[in-house]
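First comes the structure, then the notes that go with it.
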Amino acid sequence: MVMPIIMSIKPKRALRRIKRARVSGAALLLMLLAPLLNANQPAIIDYTDRFHPVVSESGMVVSQEALASRIGADILAQGGNAIDAAVATGFALAVTLPQAGNIGGGGFMMIYLAGEKRTLAVDYREMAPLAAHRDLFLGDDGEVDKNKARYSRYSAGVPGTVAGLLHALNSYGTMSLQDVLKPAIKLADQGIRVTRSLSFSFARAEQRLKKSPASTAYYFLKDGSPLPEGHLWKQSDLANTLKKIANTNGEDFYQGSIAKKIVAQMQEHGGLISAEDLAAYKVVEREAVTGSYRGYEIAAMPPPSSGGVHLVQMLNILEGWDLKASGHNSADYLHRLIESMRRAYADRSEYLGDPDFNPVPVAELTDKSYAKKLRDGINLQRATASSAVKPGLTLPEESPQTTHFSVWDKHGNVVSNTYTLNFSYGSGIAVAGAGFLLNNEMDDFSAKLGVPNAYGLVGGAANAIEPRKRPLSSMTPVIVFKEGNPVLTTGSPGGSSIINTVLQTILNVVDFDMNIAEAAAQPRIHHQWLPDQVFYEEDINVDTRKRLEAMGHVLKSSSRVIGRTQTISRDERFIYGANDTRWPGGAAAGL
Ligand code: DON
């Protein structure tokens, strides 16, 4: 049951409020006493805050789609743990959020096991097929063939989602695969009502989806129009695929009839994924990247994600300044952020890639003394120009989609999962007869050294295409601890801006004392070294923008919102959930 938010007043705010409000004597007494009454409880919720999280005593699931969040919460209510709920939510999103929820993509799951006090990272990122090679996406002219990299059967890496979710469930869950898959199968079989935003999103992706006959059949009416709002959308092929996964513990996907369908698709239309590739797909458990920030401990996704490394690196740089004194989203604060982002993303382009192929200098990049060196090089009055800027690079107009969900159970187990098809609907190509879309994650590799990918990210040899390699990612599922106990988890979609979105969410909570719903709702900025531009959300104050320009920054309004977080926090008594409202349809579902 969702609990009412307790009245909890931060002392300084109580005084401020007394000054400006007319309050009765009894209320005044209560307001003054409240901090003392709640002395043992961190005062996370304040009724004067503009945004409020959902509150629960016994469990929380936050995802970008309400039905999927509810399914996860129901699994917790049945006695499942956070891992059971996460796997159920992950499969449900594959049905209800086809843009990003998936079984044809890949991702990362951070898990905290309360019983063992252990954090681990499950890497189920897609792998390049065996036949892939460094110049796969270069045309005869030696230039990158963007269409081949992003919208063809060559765009797809070997999917890892099914193996990843099953690995998590089999290793750390408590329920059977049949039970956690049941709700997703039911939704696919019986149908869901198409929401306005889903119908809009089909229409937006129409051109791309219609290149694939299977996608056309799955996401459009017979007359060719996108499935309309209110339409009862049944996905029988997907339901059958999910049933086969349930009945064979995933084997059918990697070695059986579903694998055959994927391979047939490749053979018919040109594409590299073979039966051997699918059979050889491997989930890897990795150690989290760790760091500390103002008394909190951070555990985040290690390579092949760049997220954890650069999150910790930027926090290390920023720790040397009193950010609160600058004021939230002030020019002085944002300048420090931008300069930290610029340096971290420059390192990303050079050093980061799949650690199974090239060693990544994680310890060096996350070292506090390296951060001090970088901080000391930052001019606090002027923007530093990004070196070797190539003109004309911009973030894509393409609507990208990845999706994050967070789960917290009553035992204190935590799951932070980000998974993706890369773009919205991935390559746009569905596997005929199997009901799901293939990713276009191969574009996350550096198709040509120094040439930007869809997110404007440039990369080097460390992220060149090689058989069986995993493309570098920015996905940043993270768990934040205080004195060894988890206090917050978050993550976001947003391509290259994910790391900066997660960074700003943590700063909003730790430095600016915001509750997680407030922290999610603040306008954000993004800088990634190249292009040398600060992308900003329009709500960043005009005066602040002018000051930043006067300091030498080049500002560009973001063509889209910057990230969308799904956050859970916990204090001694309650669990709080907040879904970022930048995207419609998500929900925090508490028990
Ligand atoms: O792994 C990555 O970094 C990208 N493929 C993520 C794509 C993404 O976040 C698109 N979403 N909004």
Side-chain angles (χ1 to χ4, degrees), residues 63-65 93 97-102 104-109 121 123-128 149-151 155-157 159-161 164 197 201 204-205 208 300-311 344-345 348-349 352-354 395-405 417-428 437-447 452-459 463 469-478 490-502 524 526 528 535 558-566 580 582-583 586:
S63 85
Q64 267 187 279
E65 201 287 318
L93 285 166
L97 192 76
Q99 305 95 311
N102 69 80
F108 302 125
M109 183 183 283
D123 170 359
Y124 60 95
R125 182 76 162 160
E126 299 89 335
M127 293 170 80
R150 296 172 197 174
Y151 306 114
S155 317
T161 296
S197 74
S201 141
R204 220 174 135 167
R208 185 146 45 91
M301 195 65 210
S305 176
S306 57
V309 168
H310 297 303
L311 175 68
Y345 277 76
R348 182 190 191 280
S349 74
L352 271 282
D354 183 344
L395 284 179
E397 290 304 315
E398 172 66 40
S399 159
Q401 259 299 330
T402 288
T403 196
H404 180 82
F405 54 88
N417 186 96
T418 317
Y419 73 158
T420 187
L421 292 164
N422 194 20
F423 286 7
S424 201
Y425 303 101
S427 61
L437 287 157
L438 288 169
N439 67 83
N440 61 345
E441 222 72 63
M442 293 291 285
D443 189 62
D444 275 352
F445 280 117
S446 302
N453 73 358
Y455 301 99
L457 292 167
V458 287
N463 191 33
K469 193 174 178 180
R470 297 171 193 242
L472 181 59
S473 171
S474 301
M475 294 188 285
T476 315
V478 62
T490 193
S492 174
S496 55
S497 68
I498 293 173
I499 315 171
N500 290 333
T501 296
V502 169
R524 293 189 273 264
H526 169 66
Q528 59 180 45
F535 294 90
S558 177
S559 58
R560 53 192 166 90
V561 293
I562 298 174
R564 299 172 282 273
T565 54
Q566 287 70 42
D580 193 329
R582 282 165 179 77
W583 175 268

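Side chains included, hydrogens not; waters and symmetry mates left out as well; all remaining heavy atoms used. Numbering of ligands and ligand atoms starts at 1, following listing order.
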Legend entry - Residues forming a side chain to side chain contact (heavy atoms under 4.5 Å, CB included) with D444, sequence neighbours excluded: R125, N422, E441, N453, Y455, P471
Legend entry - All side chain to side chain contact (heavy atoms under 4.5 Å, CB included) counterparts of L421, not counting sequence neighbours: N102, L437, N439
Can you tell me which portion of [X] lies within the under-4.0 Å heavy-atom range of ligand 1? Options are side chain, backbone, both, or neither.
X    : value
I498 : side chain
T402 : both
F423 : neither
R125 : side chain

Inset, instruction - Keeping the roles fixed (side chain from R348, backbone from Q528), state whether a donor-acceptor pair exists under 3.5 Å. - result: no
Legend entry - salt_bridge(D354, K469) N-O dist < 4.0 Å: no
Inset, instruction - Please name the pair of heavy atoms, one in I562 and one in S558, separated by the smallest distance, quoted to 0.1 Å. - result: CG1-OG, 3.7 Å
Legend entry - Selected option - heavy-atom contact closest to atom 1 (O) of ligand 1, from P471, S473, S305, G105: S473
Inset, instruction - Kindly identify the option in G494, S306, S496, G107 whose heavy atom sits closest to atom 12 (N) of ligand 1. - result: G494
Inset, instruction - Assign the ring pair Y419 / Y124 to parallel, tilted or perpendicular, where the plane angle (0 to 90°) is split at 30° and 60°. - result: perpendicular
Inset, instruction - Decide whether an N or O pair under 3.5 Å exists between S474 and ligand 1. - result: yes
Inset, instruction - Carefully, step by step, assess R582 and R524 under the rule side-chain contact (heavy atoms from CB on, under 4.5 Å). - result: CA-CA 11 Å; R582 282 165 179 77; R524 293 189 273 264; 3.4 Å; yes
Inset, instruction - Using a strict 4.0 Å cut-off to heavy atoms of M475, name the atoms of ligand 1 that fall inside it. - result: 1 (O), 3 (O)
Inset, instruction - Give the atoms of ligand 1, by number and element, whose distance to some non-hydrogen atom of Y455 is under 4.0 Å. - result: 7 (C), 8 (C), 10 (C)
